[in-house]
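First comes the structure, then the notes that go with it.
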Amino acid sequence: MTIHIKNLKVRQRKAAVNVMCAPQLASMLGCWAASNDLKSVGQCKEAAEALFHCMRTTPMPKKGHRPTINYHLARLGKQVQ
């Protein structure tokens with residue numbers, strides 16, 4: 001008994017999103033909401049400086065390669081038929 005599948009595709013697993021400066025951003029947004037200091041000159045100055053420092057020093061993540069399993073499945077499907 002042979003099973004023929006016309007199009008076979010595999011969905012990739014979604015990786016967890018890694019936000020670099022999330023704590024600093026949350027503290028700055030919380031400070032803005034609490035004190036309404038949107039220009040960060042008064043109470044929110046420290047939170048803004050911490051976020052600025054984090055964004056300057058944290059390296060950008062490198063993009064990973066895309067899995068090629070669907071490409072190989074398509075090639076294998078052509079050979080099987």
Side-chain angles (χ1 to χ4, degrees):
M1 183 171 145
T2 307
I3 298 174
H4 178 67
I5 300 173
K6 186 174 181 179
N7 291 327
L8 182 63
K9 292 202 178 212
V10 177
R11 286 190 180 177
Q12 302 173 19
R13 291 183 182 165
K14 292 192 176 184
V17 177
N18 185 13
V19 180
M20 305 289 182
C21 301
Q24 290 85 355
L25 179 62
S27 68
M28 190 164 124
L29 292 175
C31 183
W32 282 353
S35 67
N36 203 17
D37 180 21
L38 298 180
K39 297 200 180 204
S40 301
V41 292
Q43 297 171 343
C44 299
K45 187 174 183 178
E46 291 179 15
E49 288 176 355
L51 178 64
F52 181 76
H53 178 70
C54 177
M55 292 178 76
R56 284 285 179 199
T57 58
T58 305
M60 291 297 292
K62 295 180 180 177
K63 285 190 174 184
H65 68 284
R66 287 180 41 192
T68 58
I69 188 163
N70 289 328
Y71 169 76
H72 292 297
L73 285 173
R75 286 187 54 208
L76 181 64
K78 289 178 183 177
Q79 292 177 358
V80 171
Q81 292 177 0

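- Of all heavy-atom pairs spanning Met28 and Ala48, the tightest one is SD-CA, 3.5 Å.
- For Glu49, the CD atom sits in a packed shell: over 12 heavy atoms of surrounding residues, nucleotides or ligands are nearer than 6.0 Å.
- Distance check, rounded to the nearest 0.5 Å: CE of Met55 to CE of Met60 gives 8.5 Å.
- Under the side-chain contact (heavy atoms from CB on, under 4.5 Å) criterion, His53 pairs with Thr57, not counting sequence neighbours.
- For Thr58, the side-chain contact (heavy atoms from CB on, under 4.5 Å) test picks out Met20, Cys21, Cys54, with sequence neighbours left out.
- Taking the side-chain contact (heavy atoms from CB on, under 4.5 Å) definition, one finds that Leu73 meets it with Leu8, Val10, Ile69, Asn70, sequence neighbours left out.
- Here the OG atom belonging to Ser27 is positioned 8.0 Å from the CG atom belonging to Leu25, to the nearest 0.5 angstrom.
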